[in-house]
Amino acid sequence: MDFSTNPVLNREFYLQDTVVVAKEIIGQILLHETADGIIAGRIVESEAYINGDPANHAARGMTMRNRVMFGPPGHAYVYMIHTHWCLNAVTQPDGVAEAVLIRAVEPLEGIHLMIQSRRTDVFRNLCSGPGKLTKAFRIDRKHNGSDLVTGHLRIVEGQRIRNLVQTTRIGISQGVELPLRFYSAEHLKWVSKR
DNA sequence: CTCTGGATTGAC
DNA sequence: TCAATCCAGAGG
């Protein structure tokens with residue numbers, strides 16, 4: 001398995017409606033070329049954060065933290081929650097602050113590196129949550145603003161998912177009723193638990 | 001269920 | 001300066 005030669009998802013992909021991006025990103029491959037080797041996995045769970053959405057970090061305007069959300073599409077917005085980093089893909093044109101949170105990944109390549117980073121060898125716990133997958137993939141604040149189209153951390157073409165489930169989002173206190181979370185029913189084993 | 005514990009934000 | 005808040009995770 002070597003996903004580093006798969007075609008990368010281009011800039012236009014991230015210019016689509018954010019809910020469409022959140023759906024279509026399921027099944028694609030998150031890939032990180034590190035000095036120690038390639039780490040890759042299939043995205044199986046996502047959430048959309050959109051305009052007019054109270055749970056969007058950018059809902060109350062631009063701050064130092066959320067400024068990359070206002071930048072061009074196809075870049076990584078990485079922020080810390082509690083003690084964990086979370087990875088988002090910025091969508092929409094420059095000036096519009098929307099993003100897709102990547103919540104879970106099925107481990108595919110570089111699993112020994114994931115085990116090393118996560119300090120667990122329980123496969124289904126390696127990447128089944130937003131904080132777990134960033135640790136497994138060695139993603140942190142230095143990736144904030146990095147380009148997911150041209151960089152070492154990128155998203156490449158995977159497979160199309162037929163059995164997509166749409167539900168409400170996890171862990172938020174506002175906008176709880178909005179059905180903006182998506183996961184692949186075929187990959188339930190790798191999806192985070194509520 | 002509880003405990004852990006980093007960083008941002010906006011109030012004072 | 002400071003405390004509330006935040007898109008968790010681990011362990012029991």
Side-chain angles (χ1 to χ4, degrees), chain A residues 14 17-23 25-26 28 30 39 41 43-71 73 75-92 96-107 111 113-146 148 153 155 164-184 188-194:
Chain A
Y14 300 99
D17 184 281
T18 300
V19 173
V20 172
V21 175
K23 288 179 183 172
I25 210 166
I26 306 288
Q28 316 292 356
L30 178 66
I39 304 174
I43 299 169
V44 297
E45 182 183 357
S46 69
E47 286 179 358
Y49 288 85
I50 60 180
N51 244 320
D53 168 11
N56 188 336
H57 275 183
R60 284 158 295 281
M62 190 175 351
T63 64
M64 281 301 287
R65 175 172 70 163
N66 67 23
R67 68 192 164 77
V68 323
M69 285 190 74
F70 288 84
H75 290 252
Y77 170 44
V78 180
Y79 64 86
M80 178 166 271
I81 180 68
H82 299 269
T83 57
H84 309 281
W85 298 105
C86 293
L87 171 67
N88 296 253
V90 174
T91 60
Q92 298 294 295
V96 180
E98 300 192 353
V100 170
L101 171 68
I102 297 172
R103 283 195 56 91
V105 159
E106 173 192 358
I111 290 175
L113 298 173
M114 296 182 184
I115 290 171
Q116 206 177 74
S117 307
R118 289 276 293 119
R119 300 180 198 285
T120 177
D121 57 4
V122 182
F123 271 37
R124 57 183 305 159
N125 283 344
L126 285 178
C127 303
S128 55
K132 296 179 187 179
L133 78 89
T134 53
K135 189 157 193 191
F137 274 71
R138 304 181 176 181
I139 294 166
D140 57 36
R141 72 173 315 138
K142 65 179 176 294
H143 297 95
N144 189 33
S146 73
L148 294 171
L153 176 65
I155 301 176
L164 211 57
V165 180
Q166 179 168 13
T167 64
T168 54
R169 296 173 292 183
I170 295 180
I172 53 174
S173 52
Q174 296 181 289
V176 287
E177 73 289 352
L178 299 174
L180 294 174
R181 171 176 175 245
F182 302 92
Y183 64 88
S184 165
L188 244 194
K189 176 179 179 186
W190 307 109
V191 172
S192 71
K193 289 129 208 89
R194 212 176 262 275

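The chains referred to below are lettered A, B, ... by the order of the sequence lines, with proteins before strands, and numbering in each begins at 1.
- With sequence neighbours left out, T120(A) forms a side-chain hydrogen bond (donor to acceptor under 3.5 Å, both in side chains) with no residue at all.
- Both key distances under 3.5 Å define a Watson-Crick or G-U pair, and stretches of 3 or more such consecutive pairs in DNA chain B run B:1-4 with C:8-11, B:6-11 with C:1-6.
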Could you write out each protein N or O paired with an N or O of nucleotides 5-7 of chain B at a distance under 3.5 Å?
from	atom 1	to	atom 2	distance (Å)
dG6(B)	N2	H82(A)	N	3.3
dG6(B)	N3	H82(A)	O	2.8

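- Residue F123(A) places its CZ atom among 12 or fewer non-hydrogen atoms of other residues, nucleotides or ligands, all under 6.0 Å distant.
- With hydrogens and angles disregarded, a donor-acceptor distance shorter than 3.5 Å links the side chain of Q166(A) to the backbone of P179(A).
- Counting heavy atoms from C-beta on, the side chains of L87(A) and F137(A) never come closer than 4.5 Å.
- Backbone-only engagement by T63(A) is indicated by non-hydrogen atom pairs under 4.0 Å involving sugar-phosphate atoms exclusively.
- Residues forming a salt bridge (charged side-chain N to carboxylate O under 4.0 Å, His left out) with R118(A) (at least two apart in sequence, or on another chain): none.
- The side-chain hydrogen bond (donor to acceptor under 3.5 Å, both in side chains) check on Y49(A) picks up E47(A), with sequence neighbours excluded.
- Rounded to whole angstrom, the span from the CE atom of M69(A) across to the P atom of dT9(B) amounts to 12 Å.
- To the nearest angstrom, C1' of dA8(C) lies 12 Å from NZ of K135(A).
- By the 4.5 Å heavy-atom criterion applied to side chains, D53(A) and R169(A) are counted as neighbours.
- With a 4.5 Å cut-off on side-chain heavy atoms, F182(A) and I25(A) do not count as touching.
- Between the C1' atom of dC6(C) and the CZ atom of R103(A) lies a distance of 13 Å, rounded to the nearest Å.
- Under the 4.5 Å side-chain criterion, counting only non-hydrogen atoms from C-beta, T168(A) is not in contact with V176(A).
- The CG-C1' distance, from L126(A) to dG9(C), rounds to 14 Å in whole Å.
- Here K142(A) pairs with D140(A) under the side-chain hydrogen bond (donor to acceptor under 3.5 Å, both in side chains) rule; sequence neighbours left out.
- By the side-chain hydrogen bond (donor to acceptor under 3.5 Å, both in side chains) test, T18(A) is found to be paired with T91(A), E98(A), residues two or more places apart in sequence or in another chain being considered.
- Within residues 164-173 of chain A, the residues that place at least one heavy atom under 4.0 Å from DNA chain C are, in residue-number order, I170(A), G171(A), I172(A), S173(A).
- Contacts between residues 46-60 of chain A and DNA chain C, defined by a heavy-atom separation under 4.0 Å, are made by Y49(A), A55(A), H57(A).
- Residues passing the side chain to side chain contact (heavy atoms under 4.5 Å, CB included) test with T63(A) are R65(A), N66(A), sequence neighbours excluded.
- Between V100(A) and Y14(A) the shortest side-chain heavy-atom distance does not fall below 4.5 Å.
- Distances shown here put every side-chain N or O of R65(A) at or beyond 4.0 Å from the OP1 or OP2 atom of dC6(C).
- Across the protein-nucleic acid pair, N88(A) atom CG and dC6(C) atom C1' stand 13 Å apart, rounded to whole Å.
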Show each protein N/O and nucleotides 10-12 of chain C N/O combination with a separation under 3.5 Å, one pair to a line.
from	atom 1	to	atom 2	distance (Å)
dA10(C)	OP1	R118(A)	NH1	2.8
dA10(C)	OP1	R118(A)	NH2	2.9

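- Residue Q174(A) is the one, among G131(A) and Q174(A), whose nearest nucleotide of DNA chain C lies closer to the 5' end (criterion: closest heavy atom).
- Residue pairs satisfying the salt bridge (charged side-chain N to carboxylate O under 4.0 Å, His left out) criterion with at least one member in residues 120-136 of chain A, sequence neighbours excluded, are absent.
- Panel note: side chain S146(A), backbone A76(A); no donor-acceptor pair is recorded below 3.5 Å.
- Contact check for Y183(A) versus T167(A): side-chain heavy atoms found under the 4.5 Å cut-off.
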